[in-house]
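The block underneath contains the structure these notes are about, expressed in structure tokens.
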Amino acid sequence: MAEDKYSKIMELAKRRGFFWPSYEIYGGVAGFYDLGPYGVLLKNRIVEKWRRFFVADHSNYVVEIETPIIGPDKVYIASGHVENFTDPIVECLKCGRKFRADHLIKNALGIDVEGATPEEMTNIIRENNIRCPVCGGPLGEVRTFNLLFKTQIGPYEGNTGYFRPELAQGMFVAFKRVYEAMRSRIPLGIAQVGRVGRNEISPRQAMMRLREFNIMEMEYFMDPEDPEGSCPFFYRRENARLRILPYNLKVEGGEPVEYTVAEAVDEGVIIHRCLAYWMAVANDFIQSIGVPYSEIYFEEKGPKERAHYSSQTFDQLVRVSRWGWVEVSGHSYRGDYDLSRHMKFSGQDLTVFKPYPEPRVETRTEYFVDKAYVGRTFKSRAREVFRLLEGVGQEELARAVREGKPLKLGDIIIPPDAIKTKNVKVKISGKKYIPHVVEPSFGVERVVYVAFEHAYREKEGRVILSFPRDIAPVQVAVLPLVEEEPLLKKAMDVYHLLRESGFYAVYDDTGSIGKRYARYDEIGVPAAVTIDFQTLEDDTVTVRDRDSWRQVRVPVTVLPEKLKLYINGASLEELGEPVNS
RNA sequence: GCGGCGGUCGUCUAGCCUGGACUAGGACGCCGGCCUGCCAAGCCGGAGGUCCCGGGUUCAAAUCCCGGCCGCCGCACCA
């Protein structure tokens, strides 16, 4: 069992201003957390890194949008959340356990009560004397519980709005607009970072399960008939390795198995290469925030564990000290569920057009009524007959011919032999279809917490947050060796130089130098620049590495460029001459 | 929502069982001054506490009792 870092992290996070429970002065409210000054910096860097991996690195195919957090009820009726997020719940009056009322009735009586009102279900339970399946106690009234936060849009009752429980609907609803703005090309990834709300029954585990949190998500739209073309960058990660626990292995209690991305697709472990590709990106992303490969795996969800829209889902799990494996992202194949639903509920055409490489010419037989016959037969009423014939489809004409029965239009009767046929050539240049969707979706706060877990360490009784340098909240601390002029002025100059060069830097001259090094180790600042007496002679400073505590001496003139290399991963020794201490 | 355990300066904690001398003590951190020539040094001074909230018992409650809130653990829940 790994040591429990949880309480140490929570203590540090509160004390140093990373995060803490919200509304503390009013006693707190479960499921809400504030991010403090360093927490916000850290979160922003993590989000920025996610953008690099998922958006910028695929900028020809992936774009980012922002949509409102409150949506009209229609959107969430169409998405299925109003229906599927509302559970009829009944509580045992004796032991207090809660059950799904519909499941209870089905198990007890074998009848399906889908669509029944809570009152009807309560009556069924009373009439059949259904008791608590655990303790045998009596059951209370059936109530509905919905995880959606509900509100009103504008002053009118009944104009219901919901706080979005996921970002996805924003992308689906705006899909057509984005698709056209991005010059109607598929595949197209639409990404978004933002807040969502889920009214969890009992949130717990600090930042791991919140009622309001941030998600980084992408809906990747593609042609289901063209798996190859859907993932033009597949080759870039086809040999990447993933640890996967397929559902069939999971139920047997098996361990994750390592596959390359290509193997997982070829062997059918992952049903679509796009799903596999983005899982590989997720794997790289989570490693880049400091989690080792061996502490990550993907677990397939079983049919009943999946969301209502998904045909395959993997959770990306990361090991943390207190709770074992926790979910940091979900990877779902959503098919065309969402777009189809929005087409149906909005009446809008959300299909895309796929041109064929070569327009196809098809020959079709068309039926038509002989105009000469109509004119001859109906004379002055002919015009009226033509108008009536406009409402008659090919189907009907064909049937009349096939069955040899006359066509009746009110009192007008047209015999089958007045219906002629002709062969016409039709040019078909493509077809319409509803794109399928693959969705990688990350919980931001979980990633933040996981970054903490893997950054936290202790050395010689001191705490160090060894964040990867490029997500560290503060990048560099500028410290005069002692609180004495002209060191202070020189240090200020260096501080301003670094700020102007784009670094997030802090300046600190209080207490002893050792105390300040310790202070910045504890908030994870990767580099400490010290201005000492030699600086006054040759304009060089020392750069100290947070993790090794080693130092090198660097001329101030090249400090910004050297530090930039360092933040991006260069070793300390690449920056300058080692200082012997 | 149920059950178990817990909640005391910013943080960690002593005190609670056995009510009173607690004006709630300490450590770290924080602020100011002196000092400090490279890894939480030292000295002086300072700020900081609704003892989670509400009610009850009592002459007297951080301490006992009840309710609530919050946290952790187990159960249920977690599209």
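So you know, we letter chains A, B, ... as the sequences are listed, proteins then strands, and number each from 1.
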Examine [X] together with [Y] and report whether their ring centres are nearer than 6.0 Å.
X	Y	value
Trp549(A)	Tyr517(A)	no
Tyr220(A)	Trp278(A)	yes
Trp323(A)	Tyr449(A)	yes

Base of G37(B) and ring of Phe533(A) stacked, centres under 5.5 Å, planes under 30°: yes
Nearest-nucleotide 5' precedence on RNA chain B, Arg544(A) against Glu484(A): Glu484(A)
Sugar-phosphate, base or nothing in reach of Arg519(A), heavy atoms under 4.0 Å: sugar-phosphate
Nearest whole angstrom, please: distance from the [atom2] of [N] to the [atom1] of [X].
X	N	atom1	atom2	answer
Asp521(A)	C38(B)	CG	P	17 Å
Met10(A)	C12(B)	CE	P	10 Å
Ile531(A)	C38(B)	CD1	P	15 Å
Lys8(A)	C28(B)	NZ	P	19 Å

Whole-angstrom distance between A27(B) and C70(B), as gauged at atom C1': 26 Å
Glu439(A)/Arg334(A) salt bridge by N-O under 4.0 Å criterion: yes
C73(B) OP1/OP2 closer than 4.0 Å to side-chain N/O of Trp323(A): yes
Phosphate contact (C70(B) OP1 or OP2) by Arg204(A) side-chain N/O below 4.0 Å: no
